Amino acid sequence: MSNIKLLDKNIWSKIAAGEVIERPASVVKELVENSIDAGANFINVILSDGGKLNIIVEDNGEGINFDELPLALTYHATSKIQNLNDLENILTLGYRGEALASLVAVADVNITSKTEFSECGGIIKTSDGKIIQHEKINCKKGTRVHINNLFGSLPARKKFLKSAISELRRCATYLREYAVCNPNIIFSLENDNKLIFKTEGDGNILNVLNKIWGEGAEIQNVSSYFQHLNLNCWFQAKFSRSDFMIFVNGRAVNDQNIKSAILSASGNLNGNWALFFTIDPALVDVNIHPAKSEVRFRYPDEIFKVVKNIINSLGSPQPVINFNNLNLKNVPAMSNEKNFIDIKPEPVHKNNFEPKTEFNFKPAEKPKINLNNDNDNNQNNEPQITLSDFMQNNNDQQNIIFLGQLSTGYLVFDNYDGLILMDPHAAHERINYEKFKNAAKSSNSSQKLLIPIILHPTLAIEAQEFFSEINNSGFELKNTPSGIAINAVPSATAEISEPEILLRISLNALKNNHDGDIKNLLWRTWATYACKASIKLNTKISAEGALLLWKNLFKCEQPYICPHGRPTVLKISRQDLAKHFGRE
């Protein structure tokens with residue numbers, strides 16, 4: 001067995017630094033937190049190659065005294081806590097005294113700083129973990145930190161960095177989180193001499209959210225209290241997956257317990273979330289993760305309760321995407337008839353009729369469906385049923401009679417062979433899905449926009465990462481002096497959504513599915529969101545609308561199940577009815 005020895009400082013410092021500094025975004029996070037703690041109201045972040053070459057963070061905060069600059073680069077040196085009691089009542093974002101020391105271990109660091117009452121400022125430079133310059137200079141109040149050659153001494157870590165645009169997106173994510181949490185501070189982000197985004201610093205959080213989230217549904221703001229916990233929530237509904245910004249006492253955190261509570265309480269309520277938790281610092285432990293990205297609550301059960309109150313307060317906000325009026329052209333398998341007539345978003349009311357006899361109908365045997373020609377969710381190898389199999393004679397479809405709508409929302413039809421119940425939501429989903437599928441597969445063309453749309457900065461960063469994939473899918477994105485612009489959208493999608501929202505849906509799909517057929521991935525994503533706006537089970541439908549729904553359903557390639565695998569119809573045959581009533 002080898003003898004136990006103390007590690008060399010050059011080794012242990014790099015091990016410690018690796019827990020704090022993972023990538024350029026980690027550098028930005030630590031330095032911006034220092035600037036906020038220093039009382040800055042202006043913070044500028046300047047990147048080269050997404051932070052892989054250079055990172056500069058400058059502020060107008062209180063600055064560092066000249067004599068304390070070397071100490072600031074030392075492990076466990078901090079002005080933010082002094083004793084054990086302070087550790088249990090942390091009010092600042094930083095407190096460990098590790099960030100600058102960790103940077104010195106993995107990069108070349110250049111700091112200039114001046115306090116308000118100092119006659120001159122100071123500069124300190126490091127290289128290979130050693131101070132190579134420390135002298136007084138004239139500079140403005142505040143601190144400027146320049147990081148160069150990040151992970152130059154750790155080539156293995158450097159190889160794990162992503163593309164420049166991917167690293168830029170991560171840096172922007174951190175900066176926009178702190179911009180939301182600190183609307184009174186002017187935040188600015190530049191990359192390769194291009195301004196990515198800048199906030200006004202006017203204290204209006206709604207202005208910051210509009211800049212970051214872009215156009216969409218109206219942003220709602222609700223608050224909830226529960227014993228030790230206060231939650232202020234900003235929410236914007238959208239169809240794509242939920243994005244979270246979570247803050248605990250002003251600290252941005254990535255807490256899975258909080259996300260799980262939101263997802264559990266919200267159900268299908270997707271959207272942009274900005275959640276501000278306020279709690280007595282003594283009741284939350286922020287000292288459980290090297291990057292300070294996780295917290296532990298003294299009363300964790302309160303999280304779910306306060307989140308549930310928020311969800312109930314929000315009600316049922318709807319995203320602005322409107323898929324209800326699909327009117328796609330050039331759809332081989334479907335007609336271009338107008339949408340259902342007199343479909344009104346009103347719940348079906350139960351009547352007062354109560355049958356005196358309890359009927360025990362047994363559901364008819366479900367059709368066995370082969371989905372080999374349609375890659376939906378459920379697949380089996382049973383023979384495929386056709387419309388002629390479902391109907392006993394060819395005139396049955398023409399002789400279909402709509403009897404009415406049950407209080408449960410299901411539609412009831414009569415034909416020569418018996419009764420048929422239809423789930424209108426599942427049927428409409430199938431119709432919309434196949435309309436969209438056929439349109440997407442039959443056309444690779446794009447439709448030009450009359451006026452190009454300039455993307456807001458956050459969306460532009462995400463689009464840049466998948467620029468070629470998006471352009472190859474039918475969009476046309478172009479770099480202009482004003483930023484990235486959408487010039488065209490896929491023809492199949494031209495009538496279902498606002499271009500920016502459609503692009504965001506596409507980017508979310510690409511970020512979560514990097515492999516496989518991109519065109520197939522995107523049309524399925526678009527079709528899925530088109531399905532989400534299908535009529536609901538409790539939507540009141542006129543007789544004419546119900547018959548049109550029936551007609552369009554049975555023009556589908558696969559009319560018997562919705563895209564998610566649920567049945568669309570249930571048949572009770574003449575034989576089943578006769579057997580039940582003893583008339584065989």
Side-chain angles (χ1 to χ4, degrees), residues 20-21 23-48 51 54-66 68-69 71-73 77-81 90-104 107 109-118 121-124 126 139-148 150 168 170-191 195-203 205 208 212 245 247 249-253 286 291-293:
V20 179
I21 308 299
R23 57 187 345 114
S26 306
V27 179
V28 170
K29 177 180 183 292
E30 296 293 342
L31 294 181
V32 167
E33 286 182 349
N34 282 347
S35 296
I36 294 172
D37 285 341
N41 58 27
F42 171 79
I43 301 174
N44 188 30
V45 179
I46 304 171
L47 307 177
S48 296
N54 289 288
I55 302 172
I56 297 173
V57 177
E58 52 188 9
D59 65 55
N60 62 352
E62 62 187 19
I64 305 172
N65 290 319
F66 172 78
E68 293 179 347
L69 282 171
L71 186 60
L73 303 181
T78 180
S79 62
K80 299 169 185 177
I81 62 172
I90 295 174
L91 300 174
T92 56
L93 299 176
Y95 55 89
R96 287 177 171 164
E98 294 178 330
L100 292 179
S102 296
L103 285 171
V104 170
V109 180
N110 181 340
I111 302 176
T112 59
S113 190
K114 179 181 179 298
T115 61
E116 183 176 0
F117 302 106
S118 299
I123 183 172
I124 189 167
T126 72
C139 61
K140 61 184 179 180
K141 172 181 172 290
T143 302
R144 183 180 190 270
V145 183
H146 183 181
I147 306 299
N148 187 34
L150 181 63
L168 170 62
R170 288 177 169 86
C171 294
T173 297
Y174 277 124
L175 201 63
R176 71 185 183 186
E177 285 179 343
Y178 281 114
V180 169
C181 194
N182 300 273
N184 57 312
I185 299 176
I186 298 173
F187 288 89
S188 176
L189 175 63
E190 301 175 33
N191 182 64
L195 180 65
I196 305 302
F197 74 84
K198 185 176 183 179
T199 61
E200 304 301 325
D202 58 4
I205 187 174
V208 181
I212 290 174
M245 288 187 284
F247 307 92
N249 290 348
R251 180 187 308 280
V253 299
V286 301
K292 306 183 293 291
S293 61

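Note that the numbering runs from 1 along the sequence shown for the chain. Bear in mind that the values here come from a model prediction, so they are computed numbers and not experimental data.
One finds the OG1 atom of T115 at 9.0 Å from the CD atom of E68 (value rounded to the nearest 0.5 Å). Rounding to the nearest 0.5 Å places CG of L175 at 11.0 Å from CD1 of I196. Note that the CG atom of L31 and the OG atom of S26 stand 10.5 Å from one another [nearest 0.5 Å]. Here CD1 of I147 is found 11.5 Å from CD of E30. Values are rounded to the nearest 0.5 Å. The distance from the CD1 atom of I111 to the CD1 atom of I124 is 6.5 Å, given to the nearest 0.5 Å. With values rounded to the nearest 0.5 angstrom, R176 atom CZ is found 6.5 Å from M245 atom CE.
For the side chain to side chain donor-acceptor pair (under 3.5 Å) test, no residue two or more places apart in sequence or in another chain qualifies with T173. In this view, N182 and I36, Y178, N184, I185, F187 satisfy the side-chain contact (heavy atoms from CB on, under 4.5 Å) rule, not counting sequence neighbours. By the side-chain contact (heavy atoms from CB on, under 4.5 Å) test, E58 is found to be paired with N44, I46, R144, residues two or more places apart in sequence or in another chain being considered. Residues passing the side chain to side chain donor-acceptor pair (under 3.5 Å) test with N65: none are found, sequence neighbours excluded. In this structure K140 satisfies the side-chain contact (heavy atoms from CB on, under 4.5 Å) test with no other residue, sequence neighbours excluded. When the ring pair (Phe, Tyr, Trp, His ring centres under 6.0 Å) test is applied to F197, no partner is found at least two apart in sequence or on another chain. Here R23 pairs with E167 under the salt bridge (charged side-chain N to carboxylate O under 4.0 Å, His left out) rule; sequence neighbours left out. Residues passing the side-chain contact (heavy atoms from CB on, under 4.5 Å) test with N110, sequence neighbours excluded: T112, I123, K125, H146. Considering only residues two or more places apart in sequence or on other chains, T199 meets the side chain to side chain donor-acceptor pair (under 3.5 Å) condition with none of them.
Closest approach of G51 to N191, counting heavy atoms only: N-OD1, 4.5 Å. Taking every heavy atom of both residues into account, C171 and V28 meet most closely at SG-CG2, 3.9 Å. Between C139 and G122 the shortest heavy-atom distance is SG-N, 4.4 Å.
No side-chain heavy atom of F66 sits under 4.5 Å from any side-chain heavy atom of K114. At a threshold of 4.5 Å between non-hydrogen side-chain atoms, the residues P24 and L47 do not count as touching. Counting heavy atoms from C-beta on, the side chains of I56 and V145 never come closer than 4.5 Å. Annotation: side chain of I43 is in contact with side chain of V57 (closest heavy-atom distance under 4.5 Å). The shortest side-chain heavy-atom distance between L168 and L189 falls under the 4.5 Å cut-off. Side-chain contact between L150 and I21 is present, with heavy atoms from C-beta onward closer than 4.5 Å. Counting heavy atoms from C-beta on, the side chains of K198 and I186 come closer than 4.5 Å.
Remark: side-chain polar atoms of N60 are paired, donor with acceptor, to backbone N or O of N41 under 3.5 angstrom.
More than 12 non-hydrogen atoms from other residues, nucleotides or ligands lie less than 6.0 angstrom from NZ of K141.
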> Passes side chain to side chain contact (heavy atoms under 4.5 Å, CB included), T143 versus S35? Steps please.
Replying inline: CA-CA 8 Å; T143 302; S35 296; over 6 Å; no
